[in-house]
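A short write-up of the structure that comes next.
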Amino acid sequence: MGRVAEEVAGAPHEAPFMRHRDLLYAVAYRTLGSAKEAEDVVQETWLRWSRVDPATVVDPEAFLVRVTIRLAIDELRSARVRREAYVGPWLPEPIRTRPDVADDVVLADSVSTALLLVLEALSPLERAVFVLREAFGYPYAEIAQFLGRGEPAVRQLAHRARRAVENRHHRYDSDPATQQQVTERFLAACSGGDITALIGVLAPDVTMVSDGGGFTGAPRKPIHGADLVARAIVVLSRQQPVGATVGVLPVNGGPGVVVRCDGETVLVMTLHLAGGLVRTIHVVSNPQKLTAAFEWPSSPAAASHLGSPPRP
């Protein structure tokens, strides 16, 4: 719950907040694409909640979600200004999810790095409406109250957001077994430095996007084509630090390749499949995105942050 919250443990505010904390984090992360920024938003929500009398709040969930989404919108606006000066491609921060999240296609897709990247093209308000409606199923009337907008305006925002996402978002393979098998084959080929085997799991038009934030030697432009991507991955595999360990873990709703060294995560790779082959690869090696964003090992509570089911 955070340092400030711990200082007032036992206060009447704590139980209602903790009951909805995972939901607030999930809303903030989907809106921002950043684990650190999402945590900051949830912490600020706690501070604001701690200043009100819980007995005067009829619906704590509505109050907390309203505060969270408005803070997230403000944070997203300032974050976009900072991202204009970002070195190389910007990718969402990877985060661990529960293994069973992959079994829910809608839920898994809502936290995939591919969708989070598409949501970057939306305006902050469009993104907030899309997240609240499509990921959590809030009714338009309630979303309007959260945002302080009229319901017709919210419906229009939702329509524009949905149309933009449909035009940009590729539908990747969603079968968990296929994703796991291909990811394991991919990792085996990487570990063995077998370019031929690696090309065998890549789509001919595969694209690899790397986010090092200027802190690592990550390519600053996307790499296209199975041959070039395979060779780049083999080179990347050979550059792993001495003593590094590599494994497949649930990341953003599906299996991901995670590299660890000296107790810290140094690289996270997510694969997006089409027709049983890897179509898109997202690689995050920016240490600022891996220290806070990707805990290891993740507690059940932390893993469930992004596993909150959509509302009925």
Side-chain angles (χ1 to χ4, degrees), residues 1-76 93 95-101 103-104 106-108 110-111 127-149 154 250 252-253 291-312:
M1 183 163 53
R3 184 177 62 257
V4 176
E6 290 172 357
E7 293 174 357
V8 293
H13 299 80
E14 183 179 2
F17 182 83
M18 289 303 296
R19 189 159 53 247
H20 301 295
R21 188 192 187 285
D22 287 352
L23 169 64
L24 304 182
Y25 183 89
V27 168
Y29 177 74
R30 286 174 172 85
T31 305
L32 294 163
S34 166
K36 183 180 183 302
E37 291 168 3
E39 284 287 3
D40 290 343
V41 163
V42 173
Q43 183 68 8
E44 180 60 29
T45 299
W46 161 258
L47 292 175
R48 298 194 181 194
W49 170 249
S50 67
R51 298 184 190 121
V52 304
D53 180 358
T56 65
V57 180
V58 176
D59 187 344
E61 178 185 334
F63 177 95
L64 291 167
V65 171
R66 182 173 68 251
V67 173
T68 296
I69 197 64
R70 292 187 180 188
L71 288 171
I73 289 171
D74 290 342
E75 176 62 27
L76 183 58
E93 289 182 21
I95 192 164
R96 288 188 67 173
T97 45
R98 293 195 321 259
D100 63 338
V101 168
D103 296 328
D104 186 322
V106 175
L107 182 58
S110 76
V111 293
R127 183 164 182 168
V129 170
F130 184 89
V131 166
L132 292 170
R133 179 64 182 175
E134 302 299 324
F136 297 97
Y138 282 105
Y140 290 114
E142 197 165 3
I143 296 174
Q145 293 177 356
F146 291 159
L147 301 180
R149 296 291 195 278
V154 166
N252 287 82
T291 301
F294 201 83
E295 300 177 355
W296 178 305
S298 180
S299 67
S304 70
H305 282 163
L306 299 180
S308 301
R311 289 161 58 93

**Asked** Taking the side chain from Ser50 and the backbone from Leu47, do they hold a donor-acceptor pair closer than 3.5 Å?
**Response**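 Yes, Ser50 side chain to Leu47 backbone: donor-acceptor pair under 3.5 Å.
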
**Asked** Distance-only, no hydrogens or angles: does the Thr45 side chain make a donor-acceptor pair with backbone N or O of Leu64 under 3.5 Å?
**Response**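 No, because the side chain of Thr45 does not come within donor-acceptor range (under 3.5 Å) of the backbone of Leu64.
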
**side chain to side chain contact (heavy atoms under 4.5 Å, CB included) between Val129 and Phe146, worked out** = CA-CA 10 Å; Val129 170; Phe146 291 159; over 6 Å; no

Shortest non-hydrogen contact from [X] to [Y]?
| X | Y | result |
| --- | --- | --- |
| Ala28 | Thr68 | CB-CG2, 4.1 Å |
| Val111 | Gly253 | CG2-N, 3.8 Å |
| Leu24 | Phe17 | CD1-CE1, 3.9 Å |
| Ala35 | Ile95 | CB-CD1, 4.1 Å |

**Message:** Check this for me, if you would: do Glu134 and Arg127 make a salt bridge, where the nitrogen-to-carboxylate-oxygen distance has to be below 4.0 angstrom?
**Reply:**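 Looking at Arg127 together with Glu134, the answer is no, because their closest N to O distance does not fall below 4.0 Å.
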
Working to the nearest 0.5 angstrom, can you tell me the gap between [X] [atom1] and [Y] [atom2]?
| X | Y | atom1 | atom2 | result |
| --- | --- | --- | --- | --- |
| Asp59 | Glu142 | CG | CD | 6.5 Å |
| Leu132 | Thr31 | CG | OG1 | 6.5 Å |
| His13 | Trp46 | NE2 | CH2 | 7.0 Å |
| Ile73 | Leu32 | CD1 | CG | 9.5 Å |
| Leu76 | Leu71 | CG | CG | 12.5 Å |

**Request:** Mind checking side-chain contact (heavy atoms from CB on, under 4.5 Å) for Arg70 and listing every partner two or more places apart, or none if nothing turns up?
**Result:**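 Per chain and number, Arg70 pairs via side-chain contact (heavy atoms from CB on, under 4.5 Å) with Arg66.
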
**Request:** With sequence neighbours left out, write down each residue that passes side chain to side chain donor-acceptor pair (under 3.5 Å) with Ser34, or none if nothing qualifies.
**Result:** Glu93

**Item:** Residues in side chain to side chain donor-acceptor pair (under 3.5 Å) contact with Arg48, at least two apart in sequence or another chain
**Value:**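 Applying side chain to side chain donor-acceptor pair (under 3.5 Å) to Arg48 gives Glu44.
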
**Asked** Mind checking whether Val65 and Tyr138 have side chains closer than 4.5 Å, heavy atoms only?
**Response**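 Side chain of Val65 against side chain of Tyr138, heavy atoms only: contact under 4.5 Å found.
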
**Prompt:** Going by heavy atoms in the side chains, are Val67 and Trp49 under 4.5 Å from each other?
**Reply:** no

**Prompt:** For Glu75 and Asp40, what are the C-alpha separation, side-chain angles and deciding distance, and is it a side chain to side chain contact (heavy atoms under 4.5 Å, CB included)?
**Reply:** CA-CA 9 Å; Glu75 176 62 27; Asp40 290 343; 6.0 Å; no

**Message:** Going by the rule ring-ring contact (aromatic ring centres under 6.0 Å, His included), which residues pair with Tyr140 if we only count those two or more places apart in sequence or in a different chain?
**Reply:**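 ring-ring contact (aromatic ring centres under 6.0 Å, His included) list for Tyr140, sorted by chain: empty.
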
**Message:** Which label fits Tyr29 and Tyr25: parallel for a plane angle under 30°, tilted from 30 to 60°, or perpendicular past 60°?
**Reply:** parallel

**Item:** Verdict with reasoning, Phe63 to Val52, per side chain to side chain contact (heavy atoms under 4.5 Å, CB included)
**Value:** CA-CA 11 Å; Phe63 177 95; Val52 304; 3.9 Å; yes

**Asked** What residue among Val27, Ile143, Val41 forms side chain to side chain contact (heavy atoms under 4.5 Å, CB included) with Ile69?
**Response** Val27

